[in-house]
4 protein chains.
Amino acid sequence: MTKSAAPKMNKKALLREESIGRLTQAAFRLIVAKGYHACTLQDIAEAAGLTKGAIFFYFESKENLLLQLLDIAEAHIVDPLIEHLDEKRGTAPEKIASFFRFTSKQGIDRPHELLCLIKMSIESRTGTDIADRRVSEIYERIYGMLEVIVDRGKASGELPRSLPTREFATLVVATHDGMMLEWHRRGGGIDGRLFVRTVWQTFLNGILGPKA
Amino acid sequence: MTKSAAPKMNKKALLREESIGRLTQAAFRLIVAKGYHACTLQDIAEAAGLTKGAIFFYFESKENLLLQLLDIAEAHIVDPLIEHLDEKRGTAPEKIASFFRFTSKQGIDRPHELLCLIKMSIESRTGTDIADRRVSEIYERIYGMLEVIVDRGKASGELPRSLPTREFATLVVATHDGMMLEWHRRGGGIDGRLFVRTVWQTFLNGILGPKA
Amino acid sequence: MTKSAAPKMNKKALLREESIGRLTQAAFRLIVAKGYHACTLQDIAEAAGLTKGAIFFYFESKENLLLQLLDIAEAHIVDPLIEHLDEKRGTAPEKIASFFRFTSKQGIDRPHELLCLIKMSIESRTGTDIADRRVSEIYERIYGMLEVIVDRGKASGELPRSLPTREFATLVVATHDGMMLEWHRRGGGIDGRLFVRTVWQTFLNGILGPKA
Amino acid sequence: MTKSAAPKMNKKALLREESIGRLTQAAFRLIVAKGYHACTLQDIAEAAGLTKGAIFFYFESKENLLLQLLDIAEAHIVDPLIEHLDEKRGTAPEKIASFFRFTSKQGIDRPHELLCLIKMSIESRTGTDIADRRVSEIYERIYGMLEVIVDRGKASGELPRSLPTREFATLVVATHDGMMLEWHRRGGGIDGRLFVRTVWQTFLNGILGPKA
DNA sequence: GATGAATGAGCCTTCATTCAT
DNA sequence: TATGAATGAAGGCTCATTCAT
């Protein structure tokens, strides 16, 4: 449904979508594999079966391609995540468990998009260029959401008052990102589902005690 | 004492140490800040108050400079860590807590060296070039050590038999690296000591329950 | 006919041939004038009215450009030479005279290609890199052909049995290359045709006596 | 006797001569092997067991080192050659035979010096820099001498009047240089003495007929 | 819609050269 | 006497970018 929104879409538009899709997928894959700076437009174009020129035709610049990828990742991952947690009724710990569960599912369905976001958040910390700021922006949304959950949890007594909000939200993100990166790094060697479960059970136990 | 081992060191040797030191420190700092690929030798040389030529005089190539940094990081961080945990008597959970405590201290004393290691481990996953393989090698040492600790802990009943060794070791590294990266990312915004304590207390609670 | 094989060739292909042609001609000229190592890609690009980038677009590296030049020189000079002498009926001395006559004509028509070959064969003798080996390969073809001619000449009594094959073939090449180099060196000062005739008449007399 | 001209030479001067000797010999060897431009001062210094600085201490620049080599080659090879042919009584053909015989002996005794001269005469033909002009100067001496011999031979009837002086002198040099280069190129493969004899006998026969 | 030719800024690297010691 | 440290100009090469077709 997403792809064929307009059933009367003409051939040109179809071709356009097809090419853009191939380029973005190739870009996601290669940026995750080699890092943004180490990966050339040549690489991406070749992987997509097109030429460098096509990238400029569709995206105008390398930076803009990256911004598009970030938009996609935000729309596919962060928006649904926030929506999901907003709608969800439940205690703070439950919401945090949901956070892990939900993004883990994303990480399995769309590993490149999630990993692209995480790797971009790490590759550069200068904060000077547009893409860096865009990444920060996305991360701030996540931090903001988590801090609200934690604060409410503390207010309602679901979480210990002593928990430092900011540091704890940071810990959640850290554990999550670290988990995804290690999962990607050790690829073949570990059992994904087992690993994810180990992570958030440990984590939840950590906050609430082993009964939770 | 390490630096001034020979107090009667001649001027040339002193100059050499001084320059190498300035270059490696600048390299550590800039690679952590901008990533290896995004950071030029010009940047590094300027930050060290020297010229590109000096880098080639001392290190022969950009890749070799990186390898030297990895050697330094391994010697300053990983070697002492492994030694520390080897010597230490205690249960598996205590050793894992020590792992966090020890490297956190390293992360505060020599943040650039630890972060350089972590960032390099993330920037590229192709595993094709020498530096990539060197990073993997270093990480394998850490993984190996952790897996031994976990296995012994399981054998002695200090850790639940149900704990999957490999996945759990991965979780420890993931949490640790994620923590360091987030700490670095949010820099001014969070309280380092408070954060680190939050991390490993949560983590330990997660394994052993809140009393531990 | 060779160049305009397809009269309906499209513009891109024409442009390509034109640019490649200009670059190779410039490269031949400059390498002959200044030597391979002393001549920069900047020099070549400028002489061809293009930029360094264009060289890499077409040839990928300086070494590869040289290899292309060697291929061209072999195809234009050595192949026809060997074919010519293979087809030719006649005694060994006649064939050797033909050798001089034929390559002298080549040397006048395409002086840069022949001289490039000769100069490259002299500039380096390390034999370590690819281009060096390629040059040796080409020269071995010439030596092989000459040695066959000499051996047959000795067998048929056209050449004295006492003539040492290998040394004599070397002499032919030495005289020929020396001649071309000196002709190039003294450029304006000597009469090319007169010089060439002097060379091979002297040479032939040397083998067969003044009557030949 | 040449080296220890002053029997009371002090240690410093001896050391000086020793170092200069090692450097020039290394330079001769390497320039012949790799060509002037392809051979770095580092190479030379290392081969001499010294450092780059020493070269500048003794020679001031790379070009100046080359000029010194050319001076040495001229003094050791060209001066004795001209002296030898001047003193020698005999016909023009005999003098030319002497020319080959004499330099061949030089080529065997001091191959690097003679080959350095020849290779330098080929590597560059721009004639713009000092070293190029110096090489030309040396070659002009040889050409001048040969042309005098040929002219006198023609005047006295020892050589055919029809012989074009300039072209013939060029031929002599061409044959000689070509011979030396090929001898060096085919190194192990050919018999030096046999080769040289083949060359000049052929050559002489060429001018005078097989009886000479 | 997409390509192939070409550019130019900037990178890593080399190397002759300088100089304090 | 000779070295080791350091430089700077220039070389080969990469890569994002432009543009005519």
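In what follows, chains carry the letters A, B, and so on, assigned in the order in which the sequence lines appear, proteins first and then strands, with residues in each chain numbered from 1. Any value given below was found using the heavy atoms of this structure, including those in side chains, with hydrogens, waters and symmetry copies removed.
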Answer yes or no: is there a side-chain heavy-atom contact under 4.5 Å between A:Ile20 and A:Phe59?
-> yes

Considering only heavy atoms from C-beta outward, does the side chain of B:Lys62 approach that of B:Ile44 to under 4.5 Å?
-> no

Considering only [options], which nucleotide approaches the side chain of [X] most closely?
| X | options | answer |
| --- | --- | --- |
| D:Thr40 | E:dG4, E:dT21, E:dC15 | E:dC15 |
| D:Arg16 | F:dT1, F:dG4, E:dT7 | F:dT1 |
| B:Phe56 | F:dT7, E:dT14, E:dT17 | E:dT14 |
| C:Thr51 | F:dT17, E:dT7, F:dC13 | E:dT7 |

Rounded to the Å, how far apart are [X] [atom1] and [N] [atom2]?
| X | N | atom1 | atom2 | answer |
| --- | --- | --- | --- | --- |
| A:Leu41 | F:dT18 | CG | C1' | 13 Å |
| A:Asp43 | F:dA16 | CG | C1' | 13 Å |
| B:Ile55 | E:dC11 | CD1 | P | 12 Å |
| A:Glu60 | F:dA16 | CD | C1' | 14 Å |
| C:Lys62 | F:dG12 | NZ | P | 4 Å |
| D:Asp129 | E:dA16 | CG | P | 15 Å |
| B:Glu46 | F:dG8 | CD | P | 12 Å |
| A:Ile44 | F:dT17 | CD1 | P | 11 Å |

Side chain of B:Lys52, base of F:dT7: donor and acceptor closer than 3.5 Å?
-> no

Is it the case that the side chain of [X] and the backbone of [Y] share a donor-acceptor pair, with hydrogens and angles ignored and the cut-off at 3.5 Å?
| X | Y | value |
| --- | --- | --- |
| A:Ser19 | A:Arg16 | no |
| D:Lys119 | D:Gly35 | no |
| B:Lys52 | B:Thr40 | no |

Applying the Watson-Crick and G-U criteria (both distances under 3.5 angstrom) with [ ] for crossing and | for other-strand pairs, one obtains for DNA chain E .||||||||||||||||||||

For B:Cys39 and for C:Leu15, find the nucleotide of DNA chain E with the closest heavy atom, then tell me which residue's nucleotide is more 5'.
-> C:Leu15

Considering heavy-atom distances to DNA chain F, does C:His37 or A:His37 have its closest nucleotide positioned more toward the 5' end?
-> C:His37

When all nucleic acid strands are considered with a 4.0 Å heavy-atom cut-off, which category describes B:Lys12: base, sugar-phosphate, or nothing?
->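 Counting heavy atoms under 4.0 Å across all strands, the contact made by B:Lys12 includes a base.
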
If you look at every strand shown and take non-hydrogen atoms under 4.0 Å, does D:Leu50 touch a base, only sugar-phosphate, or nothing?
->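 If one applies the 4.0 Å heavy-atom cut-off, D:Leu50 turns out to touch the sugar-phosphate alone, with no base involved.
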
List the steps and the verdict of salt bridge (charged side-chain N to carboxylate O under 4.0 Å, His left out) for C:Arg133 and C:Glu137.
-> CA-CA 6 Å; C:Arg133 282 204 294 273; C:Glu137 204 179 296; over 6 Å; no

Assess the side chains of C:His37 and C:Glu123: does a donor N or O sit below 3.5 Å from an acceptor N or O?
-> yes

Within the structure, does a side-chain N or O atom of B:Ser19 lie under 4.0 Å from either OP1 or OP2 of F:dA6?
->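 Answer is yes, contact under 4.0 Å.
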
Which pairs of donor and acceptor atoms, one on a side chain in residues 67-74 of chain D, lie under 3.5 Å apart (sequence neighbours left out)?
residue, atom, partner, partner atom, Å
D:Asp71, OD1, D:Arg134, NE, 3.3
D:Asp71, OD1, D:Arg134, NH2, 2.9
D:Glu74, OE1, D:Arg134, NH2, 2.5
D:Glu74, OE2, D:Arg141, NH1, 2.8

